[in-house]
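The block underneath contains the structure these notes are about, expressed in structure tokens.
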Amino acid sequence: MIKYTLKCQHGHAFESWFECAEAFDKLQIAGLIECGLCGSTDVEKTLMAPQVKTAKGRPDLIKPISEIEKEIAQLRKKVESNAEDVGKNFAKEARAMYYGDKPERAIYGQAKPEEAKSLTEEGVPVAPLPWGPKTTN
């Protein structure tokens, strides 16, 4: 395992673990490494100090660095523990609740930009969250 300090095109810094240097390169080329704050896949390695993994269990895969990143991580944890992840069915589920076809409940998920625009135009109350979907590195 190797830990890299990474930075997205918007300057958000974060750390992530990879199986090896080649694994990072393959994931980066495929666009599968993304910033946990803005979802950008334009991510690069920054200067880092070497670190040795201890035998005390697995390391955190993504560790918040700044105070805002810590607050967003806490918010994410709160949302994920109090709402249902409906994934890519978000627009369908939100619309069904708004029109009374399904009971109201707290949900979160993913919507394409055109779906989100359509929901807001219909008056469906939605708000973007300051993170993208979870990915595995």
Side-chain angles (χ1 to χ4, degrees):
M1 294 287 285
I2 185 168
K3 180 169 89 173
Y4 287 129
T5 301
L6 307 170
K7 185 167 72 172
C8 79
Q9 67 185 19
H10 302 291
H12 304 127
F14 57 99
E15 296 176 341
S16 191
W17 287 88
F18 299 89
E19 184 178 356
C20 60
E22 294 80 22
F24 169 82
D25 294 336
K26 287 179 183 177
L27 291 168
Q28 184 183 36
I29 290 167
L32 296 175
I33 301 172
E34 74 177 37
C35 175
L37 290 173
C38 67
S40 171
T41 57
D42 187 355
V43 174
E44 61 185 31
K45 291 185 265 185
T46 63
L47 291 177
M48 60 183 203
Q51 186 175 24
V52 177
K53 181 183 170 200
T54 66
K56 292 184 178 182
R58 291 183 57 138
D60 290 336
L61 292 179
I62 298 177
K63 178 180 167 188
I65 297 172
S66 69
E67 282 304 311
I68 190 73
E69 289 173 310
K70 290 176 185 175
E71 290 176 19
I72 289 173
Q74 289 174 346
L75 175 63
R76 182 177 195 149
K77 185 176 181 180
K78 186 173 183 178
V79 168
E80 290 175 347
S81 64
N82 292 295
E84 179 185 348
D85 182 1
V86 294
K88 294 182 180 181
N89 291 325
F90 179 81
K92 179 181 174 185
E93 291 291 319
R95 189 174 279 114
M97 287 188 300
Y98 181 75
Y99 289 109
D101 297 331
K102 287 194 172 183
E104 287 192 26
R105 65 195 194 283
I107 63 169
Y108 67 99
Q110 301 155 32
K112 295 178 182 175
E114 60 271 13
E115 291 174 325
K117 182 179 179 187
S118 177
L119 288 170
T120 58
E121 288 171 350
E122 291 176 47
V124 179
V126 297
L129 297 174
W131 61 79
K134 284 187 177 179
T135 58
T136 54
N137 291 344

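Please read all numbers here as calculations on a predicted model, not as lab measurements. All heavy atoms count here, side chains included; hydrogens, waters and symmetry mates do not.
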(message) If you apply the rule side chain to side chain contact (heavy atoms under 4.5 Å, CB included), what do you find for K45 with D25, and how did you get there?
(response) CA-CA 10 Å; K45 291 185 265 185; D25 294 336; 4.3 Å; yes
(request) Over 60° means perpendicular and under 30° means parallel, so classify the ring planes of F24 and Y4, tilted if in between. (result) perpendicular
Any side-chain heavy-atom pair of [X] and [Y] under 4.5 Å:
X    : Y    : result
H10  : L37  : no
V86  : R105 : yes
W131 : L75  : yes
E44  : L6   : no
F90  : Q110 : no
H12  : C38  : yes

For [X] and [Y], work out which heavy atoms get closest and say how close.
X    : Y    : answer
E34  : G39  : CB-O, 3.8 Å
A21  : I2   : N-CG2, 4.1 Å
G87  : D85  : N-OD1, 2.8 Å
Y98  : E122 : OH-O, 3.5 Å
N82  : A106 : O-CB, 3.6 Å
A111 : A116 : CB-N, 4.3 Å

(message) For the backbone of V43 and the side chain of Q28, can you confirm whether one donor and one acceptor N or O come within less than 3.5 Å of each other?
(response)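 Answer holds: yes.
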(request) Could you tell me whether a side-chain N or O of T46 sits under 3.5 Å from a main-chain N or O of T5, the two making a donor and an acceptor? (result) yes
(request) Is it possible for you to say whether Y99 and M97 belong to one hydrophobic cluster, with membership spreading through side-chain heavy-atom contacts below 4.5 Å? (result)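 The answer is yes; both residues are in one hydrophobic cluster.
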(message) Any salt bridge linking E114 with K117? Criterion: basic side-chain nitrogen under 4.0 Å from a carboxylate oxygen.
(response)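 Judged by the 4.0 Å cut-off on N to carboxylate O distance, E114 and K117 do not form a salt bridge.
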(message) Quick check for you: to the nearest 0.5 Å, what is the distance between L129 atom CG and Y108 atom OH?
(response)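 Output value for this atom pair is 9.0 Å.
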